Amino acid sequence: MKATYSQRLIKLADLNHHQTFFAGRCSEWFLESSYFAVAQYVDTKDTVLLVLHGIDFKFPIFAGDIVTFESKVVSAGRSTLTVYTKMYRSREPEKVAADGFATFSYLDENHRSKPHGIVIIPENDEERWLQQQALEVLEESRRRAKAIAEH
């Protein structure tokens with residue numbers, strides 16, 4: 001699985017009222033990095049975010065920290081690509097500060113989903129585990145959407 005990387009310097013404008021990295025800004029950069037991973041496989045002009053499955057924050061990030069977002073497409077459906085993204089302090093890649101999944105949909109000229117023909121084959125145990133997690137979060141999202149529609 002191909003990974004993409006982007007780095008950001010956390011500035012005072014990126015902090016919340018607790019003086020830690022604002023989740024809204026993190027989400028913006030998280031999705032941008034996820035989008036970069038999708039761009040390795042399909043034309044992004046035909047791609048939109050379908051669902052942000054969530055971002056789990058593990059510990060705070062502060063002004064002056066440099067963070068790296070590492071993203072990789074870990075699962076491909078008929079017209080979807082699910083990306084795993086993790087964020088860490090650039091000098092501490094072994095300590096994941098936040099991570100999560102986002103699924104993108106590949107669209108035709110009428111803005112309807114279309115097949116992309118991509119197959120993602122995991123190469124090791126970690127990638128197999130990430131692919132399984134991606135399938136589980138996507139299925140949970142589908143169950144939730146169905147329950148809401150029926151309510």
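Given the structure is predicted, the values throughout are model-derived calculations rather than measurements.
- Looking at heavy atoms from C-beta onward, Phe21 lies in side-chain contact with Met87 at the 4.5 angstrom threshold.
- For the residue pair Ser113 / Arg78, a side-chain donor-acceptor distance below 3.5 Å is found, with atom types taken as modelled.
- Atom-to-atom distance recorded for Ser141:OG and Lys146:NZ is 14.0 Å, nearest 0.5 angstrom.
- Within 6.0 Å of atom CZ in Arg143, more than 12 heavy atoms from other residues, nucleotides or ligands are found, so the atom counts as buried in its surroundings.
- For the atom pair CZ (Arg8) and CD (Glu28), the distance works out to 7.0 Å, reported to the nearest 0.5 Å.
- Contact of the Phe62 side chain with the Ile10 side chain is not registered, since no non-hydrogen atoms from C-beta on lie closer than 4.5 Å.
- For the side-chain hydrogen bond (donor to acceptor under 3.5 Å, both in side chains) criterion with Ser34, the lone passing option out of Thr103, Thr85, Thr82 is Thr85.
- Considering every non-hydrogen atom in both Ala98 and Phe57, the closest pair reads CB-CD2, 3.8 Å.
- One hydrophobic cluster holds both Leu15 and Phe59 under the rule that ILVMFWY side chains link at heavy-atom gaps under 4.5 Å.
- When side chains are defined from C-beta on, Phe101 does not count as touching Val51, because their heavy atoms never get closer than 4.5 Å.
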Begin from the C-alpha positions of Glu136 and Gln132 and carry the test side chain to side chain donor-acceptor pair (under 3.5 Å) through to its verdict. CA-CA 6 Å; Glu136 288 176 18; Gln132 183 59 41; 3.2 Å; yes
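- Glu126 has no carboxylate O lying under 4.0 Å from a charged side-chain N of Lys72, or vice versa, which leaves the two without a salt bridge.
- Contact between Leu9 and Trp29 at its shortest, heavy atoms only, is O-CH2, 4.2 Å.
- Side-chain heavy atoms closer than 4.5 Å link hydrophobic residues (I, L, V, M, F, W, Y) into clusters, and following such links, even through other members, never connects Tyr88 to Val83.
- Using a distance-only test at 3.5 Å, with no hydrogens or angles considered, no donor-acceptor pair links the side chain of Asp65 to the main chain of Val67.
- Considering only heavy atoms from C-beta on, Ile66 stays 4.5 Å or farther from Arg91 through its side chain.
- Separation of atoms OG (Ser79) and CG (Leu50) is listed at 8.0 Å; rounding is to 0.5 Å.
- Annotation for Lys95: atom NZ does not count as buried by contact number, only 12 or fewer foreign heavy atoms lying within 6.0 Å.
- Note that CD of Glu32 is 9.0 Å distant from CZ of Phe69, once rounded to the nearest 0.5 Å.
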Let me see the working for Gln40 and Val73 under side chain to side chain contact (heavy atoms under 4.5 Å, CB included), right down to the final yes or no. CA-CA 9 Å; Gln40 294 185 92; Val73 175; 6.0 Å; no
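- Of all heavy-atom pairs spanning His53 and Leu138, the tightest one is CE1-CA, 3.8 Å.
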Assess the residue pair Asp99 and Lys58 against the criterion (side chain to side chain contact (heavy atoms under 4.5 Å, CB included)); give the C-alpha distance rounded to whole Å, side-chain angles, the decisive distance to 0.1 Å, and a yes or no. CA-CA 8 Å; Asp99 68 347; Lys58 318 236 187 263; 3.0 Å; yes
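- When only modelled atom types and interatomic distance are considered, Ser33 and Ser71 share a side-chain donor-acceptor pair under 3.5 Å.
- A distance of 15.0 Å separates CZ in Arg25 from CD1 in Ile61, rounded to the nearest 0.5 Å.
- Of the residues listed (Leu81, Asp43, Leu107), the one engaging His116 in a side-chain contact (heavy atoms from CB on, under 4.5 Å) is Leu81, and it is the only one.
- Considering only heavy atoms from C-beta on, Ile55 comes within 4.5 Å of Ser27 through its side chain.
- Interatomic distance, Gln7 CD to Arg89 CZ, rounded to the nearest 0.5 Å: 14.5 Å.
- Contact check for Tyr41 versus Ile120: side-chain heavy atoms found under the 4.5 Å cut-off.
- The shortest heavy-atom contact between Phe36 and Ser6 is CE1-CB, 4.3 Å.
- Across all non-hydrogen atoms, the minimal contact from Ser75 to Leu135 is OG-CD2, 3.4 Å.
- Looking at heavy atoms from C-beta onward, Tyr106 lies in side-chain contact with Thr47 at the 4.5 angstrom threshold.
- A donor-acceptor distance shorter than 3.5 angstrom exists from the side chain of Gln131 to the backbone of Val74, with no hydrogens or angles considered.
- Closest non-hydrogen pair, Tyr35 versus Thr44, comes out as OH-O, 2.8 Å.
- For Phe22, the CZ atom counts as loosely surrounded, since its 6.0 Å shell holds 12 or fewer non-hydrogen atoms of other residues, nucleotides or ligands.
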